[in-house]
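Protein chains get the first letters and strands the later ones, always in sequence-line order, with residue 1 at the start of each. A quick note: this is a predicted structure, and the numbers were derived from the prediction, not measured.
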Amino acid sequence: MPKNLVIVESPAKAKTIEKFLGKDYKVLSSYGHIRDLKKKEFSIDVEKNFEPDYEIPEDKKALVKTLKSEAKEADTIWLASDEDREGEAIAWHLYEVLKLEPENTKRIVFHEITKTAILKAIEQPRNIDINLVNAQQARRILDRIVGFELSPVLWKKVKPALSAGRVQSVAVRLIVEREREIHAFQSEASYKVTAVFLVPDADGKLVEMKAELARRLKTKAEAQKLLESCQSAIFTIEDITTRPVKKSPAAPFTTSTLQQEAARKLGFTVAQTMMVAQRLYESGRITYMRTDSVNLSEYAINGSKEAITNMMGDKYVHSRHFSTKTKGAQEAHEAIRPTYMENAQIEGSAQEKKLYDLIWKRTIASQMADAELEKTTATISISNASETFNAAGEVVKFDGFLRVYRESYDDDVEQEDESHLLPPLKKGQKLEYQNITATERFTQHPPRYTEASLVRKLEELGIGRPSTYAPTISTIQQREYVEKGDKTGEERSYNVITLKKEKITDATRTEITGAEKAKLLPTDTGTVVTDFLIQYFPSIMDYNFTASVEKQFDEIAEGDTKWTTIMKTFYKTFHPSVESTLAAKNAHKTGERSLGNDPVSGKPVSVKIGRFGPVVQIGSAEDEEKPRFSPLKKGQSIETITLEEAMELFKLPRTLGEHEGKTVTVNAGRFGPYIYYGGTYTSLPKGADPMEIELDEALELIKEKAEAEAKKHLKKFEGEPELEIMNGRYGPYIAYKGSNYKIPKDIVPEDLSLDACMEIIKLQSEKAASAPAKAKRGKYAKKKA
DNA sequence: CAGTGAGCGAGCTTCCGCTTGACTT
């Protein structure tokens, strides 16, 4: 019978630790928090010193029961939750809920999961730090107050079911403001001049050498003048400088940097990265994946050293300790690293292998020597102009960590590739040009946020925690404040002036610019809500709000300030602003914009956020006649739509005429334009204009659809009305009780018997069940209303 | 992946941080 009960936060951790501690110890997990404010209620008694009303959530009741009975059996209970604010609170809630006694309860912490670290922790138990617990309660209660008081304001003033919070609202603000910056951006043109010189290499063979003019030229006239000077110029190597450059490896991964690199190098979404990392953690391949620490244990540093020595030799080793620069980091865990550095590869799914490989390389590289490079720059003078060209080359003298890992950068910066060697050059050497080109270039607007770059920005501002980055990104998309989408580029023409064989030619070329993929774009709702919150609750929307309340939580943790004092001060100004905002009577709805008057009826036309999203409205609710509404089309926005565009929207639905006593109309729906006739809907073919289509064309389309529909039903069986063999877009399939099952290619669907169908269904449902990765609904899966 | 398209209006919606479940017999 074990005499000791140890409680940690994560079950994977419990399993590992139990092995270290032997049979006198039983190790269980709390699975995070076991108690929280009530889910549906405010649960804070403001009058009674902000007293919180905690409850054990339904899905934790069984667990708590188990923990209680195990605790009763044990002589000593060791609360070993993480050493941070949340961990301390978990320990305290356990203590309260399990009704533990001070005599036999001990609080311990460890930073790395090794036998020595744990045994050492057991030798140094302490008491629960109630100040730290209170700092957590203050954090929790403040977030509840902000969330549960602001959200209802939005329900009333903007749209039901919206939400606001300390983290999510600021995340949306970042995206809204970036979009405005982009719209206000004026790009500036300049001319980049590049030259290709022909230079003899070591064997005397002529090779090309690229050089760039030291500065960009502002105007076309300037560029032309320079090329004219170059026509008859002599080019001389004026100077050659060589300097050594050292590059150092990046720190090991935290949650945020892992998410960023996995997005750039593997194309993973933030949620995908976390799901794959979770599996690697649970199978014991990597350390804990939700961390803000770059620290590696001595064990990991030694393991890396050994792995590097074995694989590449001593000279590649350089053991390093990294320190965190992140605001508000709590460092309860190690950096994300392989559990065993000697495992360069693992078994698993393709995604698991790729992510593990990334983690292994990053960790190993962080313990490797600097890369030593030699950068050579040659300055080339032009005999009849004061400008100079620069040719740059780079040689790797010692690859160091670059042998295994190179950090990626966001693709928004044009990276010049300098990783090439210059041919042998001498000072005073004369050069022949092959061609010199002046190309018009434009300054770029700041890039839109990706999931990963938003995480980086939030971390930089100290907003959110490793465990919430992925859920936050999912929430702001679920609320339809932002959407992930592509921006198609615009065509732009630019000048290219070329000098070749003493002849100057001038050409205009076109390029597609500004195309962006999978970027976060604000919706109208996101923009309106952000503007509203900034106007009425500027302090909550301030980028420094979190940082400043964190400072106060630190004071609570240090025991310098009472947590209720801080809550009182906050509530004293926050709550009245909620009350006054709710009470304010506005002439127009939040975010409403007037477009002018309907040229036909003279009634006012406006756009606003309606019950189901952005709408145009003709007339007002006070009019005798009801106002007319139309939702905005995809791509239109409240901020930019014109009166003409808005009036276009009211031209649908359009009645085409009658057919056999029933009317035929065209309308635009969520999935594009369609024809409605006698209870059936027929989509218009791609590119067809609902404003142009005639009655006879429409009837033809309806007929075609009916024919296709008839061909869809291949076979039915008497005994099983719920089963049908159908012909779909992707070939024949079996429809059965709301699910569909593919028919293998080598089977003629018409020949299938009922039994054969059931067999296919059985086989495919088994397959789905045995592939949990696919069947498992994503934790951050988008829920559609 | 396998087809979608409507609109009375009562009642509900919501926060941030910890952590992974997995009802058949």
Assign A/Tyr676 to base, sugar-phosphate, or nothing according to its heavy-atom contacts below 4.0 angstrom with the strands shown.
nothing
Does A/Thr468 reach a base, just sugar-phosphate, or nothing at all? Heavy atoms under 4.0 Å.
base
Residue pair A/Arg290 / A/Ser467, side-chain donor-acceptor N/O under 3.5 Å:
no
Categorize A/Tyr469 for me: base, sugar-phosphate, or nothing, with a 4.0 angstrom heavy-atom threshold over every strand shown.
nothing
Select from A/Arg166 and A/Leu162 the residue whose nearest nucleotide in DNA chain B is closer to the 5' end of that strand.
A/Leu162
Expressed as a whole number of Å, how far does the C1' atom of B/dT13 sit from that of B/dG9?
15 Å
Need one value for A/Val146: base, sugar-phosphate or nothing, where a base atom within 4.0 Å counts as base even if backbone is also close, heavy atoms only.
nothing
The nucleotide from B/dC18, B/dG5, B/dT20 with an atom nearest the side chain of A/Tyr681 is B/dG5
Using a heavy-atom cut-off of under 4.0 Å over every strand shown, decide if A/Arg465 touches base, sugar-phosphate, or nothing.
sugar-phosphate
May I ask you to say what A/Gln168 touches in the nucleic acid, namely base, sugar-phosphate or nothing, with a heavy-atom cut-off under 4.0 Å?
sugar-phosphate
Considering every strand and a 4.0 Å limit on heavy-atom distances, what is the contact class for A/Ala164: base, sugar-phosphate, or nothing?
sugar-phosphate
Remember a base hit wins even if backbone is also touched, and classify A/Gly32 as base, sugar-phosphate or nothing at under 4.0 Å, heavy atoms.
base
Between A/Tyr54 and A/Trp92, what is the ring plane arrangement, given parallel below 30°, perpendicular above 60°, and tilted in between?
perpendicular
So, is the end of the A/Lys13 side chain (NZ or CZ) under 6.0 Å from the ring centre of A/Tyr288 and within 45° of the ring's axis?
no
Please work out if A/Phe42 contacts a base, only the sugar-phosphate, or nothing of the nucleic acid, heavy-atom cut-off 4.0 Å.
nothing
Are A/Trp155 and B/dT13 stacked, counting the six-membered base ring, centres under 5.5 Å, planes under 30°?
yes
Quick one: is B/dG17 close enough that its OP1 or OP2 comes under 4.0 Å of any side-chain N or O from A/Gln136?
no
A/Arg139 side-chain N/O to B/dC16 phosphate OP1/OP2 under 4.0 Å
no
Drop me the distance from A/Leu699's CG to A/Tyr677's OH, to the nearest 0.5 angstrom.
7.0 Å
Short side-chain N/O contact from A/Lys159 to OP1 or OP2 of B/dT13, under 4.0 Å:
no
How is A/Asp82 classified with respect to the nucleic acid when contacts are heavy atoms under 4.0 Å: base, sugar-phosphate, or nothing?
sugar-phosphate
NA contact type, A/Ser151, heavy-atom cut-off 4.0 Å: base, sugar-phosphate, or nothing?
base
Does A/Gln278 reach a base, just sugar-phosphate, or nothing at all? Heavy atoms under 4.0 Å.
sugar-phosphate
Using atom CD of A/Glu331 as one end and atom C1' of B/dC18 as the other, report the distance to the nearest whole Å.
18 Å
What nucleic acid atoms does A/Gly87 come within less than 4.0 Å of, heavy atoms only: base, sugar-phosphate, or nothing?
nothing
Taking only N and O in the side chain of A/Ser467, is any of them less than 4.0 Å away from OP1 or OP2 of B/dC18?
yes
Main-chain N/O of A/Ile128 paired to A/Tyr95 side chain as donor or acceptor, under 3.5 Å
no
Would A/Arg144 count as a cation-pi partner of A/Phe148, with NZ or CZ less than 6.0 Å from the six-membered ring centre and within 45° of the ring normal?
yes
Mind checking A/Arg35 for me? I need base, sugar-phosphate or nothing, with any heavy atom below 4.0 Å counting as a touch.
nothing
